[in-house]
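What follows is a short report on a single structure.
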Number of protein chains: 2
Amino acid sequence: MAGRDKFGDCACFNLRRAARLVTQAYDQVLAPSKLKATQFTLLAVLAPAGKGIAISALAEKLGMDRTTLTRNLAVVERAGLVSLRPGEDPRTKLVSLTANGRKALEEAVPLWREAQSEAIDRLGDEWGDFLKMTRRIAAI
Amino acid sequence: MAGRDKFGDCACFNLRRAARLVTQAYDQVLAPSKLKATQFTLLAVLAPAGKGIAISALAEKLGMDRTTLTRNLAVVERAGLVSLRPGEDPRTKLVSLTANGRKALEEAVPLWREAQSEAIDRLGDEWGDFLKMTRRIAAI
DNA sequence: AATATATAAGTGTATATACACCTATAGAGA
DNA sequence: TCTCTATAGGTGTATATACACTTATATATT
């Protein structure tokens with residue numbers, strides 16, 4: 001049974017491994033900002049949102065399970081970087097950046113730029129394909 | 001400051017999102033086997049290893065932090081799928097499949113094949129590029 | 001042999017992830 | 001209005017991830 005099944009070609013394994021390694025690289029560069037990659041992404045997505053965005057809508061935008069987002073939000077809320085308040089529909093909660101959150105993001109952006117440049121450089125010609133492919137996967 | 005920085009192009013975000021979605025797809029297909037994608041990978045890598053492999057060597061092979069592997073091994077060990085015994089160098093621990101582990105793997109392989117086929121179909125022409133790219137990232 | 005260094009592995013802690021299940025409220029239909 | 005259903009969100013539980021730190025043992029140096 002072994003031989004024809006090349007587990008080393010597993011799409012899931014290869015993708016997860018790549019994600020692990022890239023996350024470690026970003027986390028290392030972002031370390032001085034005290035933000036992890038996931039948290040940076042969260043703040044960055046919230047920055048343009050004027051009066052806040054509902055949790056489910058945010059989860060959709062991030063391609064993230066809603067309950068995962070709930071836990072991730074708890075971390076940045078505890079750190080005072082985002083605030084949650086009820087929307088007009090009292091079932092909803094609107095997430096928005098606090099002043100501290102905005103400041104933390106601004107301080108982290110140069111570090112992110114650095115990590116991002118490094119990633120783009122490493123991928124070289126394949127950078128465009130990389131973006132297209134990861135987005136195609138997300139378009140399921 | 002916003003505008004030139006396209007956070008939606010973040011390599012880390014795009015990669016993590018893709019990994020989340022693909023993992024969910026694999027986990028769903030693998031569900032009848034009771035194995036999660038990570039556990040399947042673990043068993044699959046161990047299958048050819050004759051008399052066992054040391055934890056650090058296995059972590060290296062998987063591109064995974066050693067301490068992460070320790071926790072992941074605890075899960076499959078508790079389930080009776082792998083066993084750990086000291087190597088010749090008493091500092092090392094050799095990991096190997098149990099009979100139950102081998103059986104669980106064999107039962108899961110057809111499900112994995114299904115998930116893998118689906119992934120390959122979805123990526124179409126880009127499948128080769130996908131593998132090359134994720135491996136290139138791992139080659140850092 | 002005694003000490004210093006390097007290597008293998010585990011633990012404490014914290015974040016990230018998601019399924020199954022639960023609660024609360026809005027909106028539709030009788 | 002009352003009930004049914006759909007939607008928004010949280011909680012319990014479990015796995016996945018990794019850094020900082022610790023323990024134990026092998027190997028090298030003196």
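Naming: A, B, ... by sequence-line order, numbering from 1 per chain. This one's a predicted model, so the numbers in the text were calculated from it and none came from an experiment.
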Ignoring hydrogens, what is the shortest heavy-atom contact between [X] and [Y]? Give both atom names and the distance.
X       : Y        : result
B/Leu46 : B/Leu97  : CB-CG, 3.9 Å
A/Ile53 : A/Ala57  : CG1-CB, 3.8 Å
A/Ser96 : A/Gly52  : CB-CA, 4.1 Å
A/Ala47 : A/Leu105 : CB-CD2, 3.6 Å

| field | Pairs meeting criterion side-chain hydrogen bond (donor to acceptor under 3.5 Å, both in side chains) with involvement of residues 52-69 of chain B, two or more places apart | value |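 Every side-chain hydrogen bond (donor to acceptor under 3.5 Å, both in side chains) pair that includes a residue of residues 52-69 of chain B, provided the two are not neighbours, is B/Asp65-B/Thr67.
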
| Are any of the side-chain heavy atoms of B/Leu15 and A/Leu15 separated by less than 4.5 Å? |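 Touching, per the 4.5 Å side-chain cut-off.
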
| field | Within-4.5 Å side-chain heavy-atom neighbours: A/Val95 and A/Leu42 | value |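 When only atoms from C-beta onward are counted, A/Leu42 and A/Val95 do not touch, as no gap falls below 4.5 Å.
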
| message | So, using side chain to side chain contact (heavy atoms under 4.5 Å, CB included) as the criterion, who are the partners of A/Ser33 when residues are at least two apart? | response |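 Partners of A/Ser33 under the side chain to side chain contact (heavy atoms under 4.5 Å, CB included) test: A/Leu30, A/Leu35, A/Ala108, A/Leu111.
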
| query | side chain to side chain contact (heavy atoms under 4.5 Å, CB included) with A/Lys34: which residues, sequence neighbours excluded? | reply |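 Counting only residues at least two positions away or on another chain, A/Lys34 forms no side chain to side chain contact (heavy atoms under 4.5 Å, CB included).
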
For residues 125-134 of chain A, which side-chain N or O atoms pair as donor and acceptor with protein atoms under 3.5 Å away, sequence neighbours left out?
from	atom 1	to	atom 2	distance (Å)
A/Glu126	OE2	B/Arg136	NH1	2.1
A/Thr134	OG1	A/Phe130	O	3.0
A/Thr134	OG1	A/Leu131	O	3.1

| query | Taking a hydrophobic cluster as the set of Ile, Leu, Val, Met, Phe, Trp and Tyr residues connected by side-chain heavy atoms closer than 4.5 Å, whether directly or through intermediates, do A/Leu73 and A/Leu94 fall within one such cluster? | reply |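 Each belongs to a different hydrophobic cluster.
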
| Hey, any chance A/Val75 and A/Leu43 share a hydrophobic cluster, counting ILVMFWY side chains that come within less than 4.5 Å of each other, even indirectly? |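 Different clusters: A/Val75 never reaches A/Leu43 through Ile, Leu, Val, Met, Phe, Trp or Tyr contacts under 4.5 Å.
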
Could you give the side-chain donor-acceptor pairs of residues 20-28 of chain B under 3.5 Å, partners two or more places apart or in another chain?
from	atom 1	to	atom 2	distance (Å)
B/Arg20	NE	A/Gly63	O	3.2
B/Arg20	NH2	A/Leu62	O	2.8
B/Thr23	OG1	A/Arg16	NH1	2.9
B/Thr23	OG1	B/Ala19	O	2.6
B/Tyr26	OH	B/Gln116	OE1	2.5
B/Asp27	OD1	B/Ala37	N	2.8

| field | Presence of salt bridge, A/Lys103 and A/Glu107, under 4.0 angstrom | value |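 Result for this pair is no, no salt bridge flagged.
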
| Under 4.0 Å between a Lys/Arg side-chain N and an Asp/Glu carboxylate O for A/Arg122 and A/Glu118? |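 Between A/Glu118 and A/Arg122 there is a salt bridge, with a charged N closer than 4.0 Å to a carboxylate O.
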
| request: Could you list by number each residue of residues 34-41 of chain B showing a heavy-atom separation from DNA chain C of less than 4.0 Å, or answer none if no residue does? | output: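 Nothing qualifies; none.
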
For DNA chain D, which residues in [range] have a heavy atom at a distance below 4.0 Å?
range                     : answer
residues 72-97 of chain B : B/Asn72, B/Val75, B/Arg78, B/Asp89, B/Pro90, B/Arg91
residues 50-57 of chain B : none
residues 60-68 of chain B : B/Met64, B/Asp65, B/Thr67, B/Thr68

| query | Between the two ends of the helix from C/dA1-D/dT30 to C/dA30-D/dT1, what is the bend in degrees, rounded to 10 degrees, where each end axis spans five pairs? | reply |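 Rounded to the nearest 10 degrees, the bend comes out at 0°.
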
| request: Considering only heavy atoms of chain B and a distance under 4.0 Å, specify the first and last nucleotide of DNA chain D in 5' to 3' order that meet this criterion. | output: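 Span of nucleotides near chain B: D/dT15 to D/dA26.
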
| query | Once the angle between the rings of B/Phe7 and A/Phe40 is folded into 0 to 90°, is it parallel (under 30°), tilted (30 to 60°) or perpendicular (over 60°)? | reply |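 Ring orientation of B/Phe7 relative to A/Phe40: perpendicular.
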
| message | So, using side-chain hydrogen bond (donor to acceptor under 3.5 Å, both in side chains) as the criterion, who are the partners of A/Asp9 when residues are at least two apart? | response |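 So A/Asp9 forms a side-chain hydrogen bond (donor to acceptor under 3.5 Å, both in side chains) with B/Arg135.
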
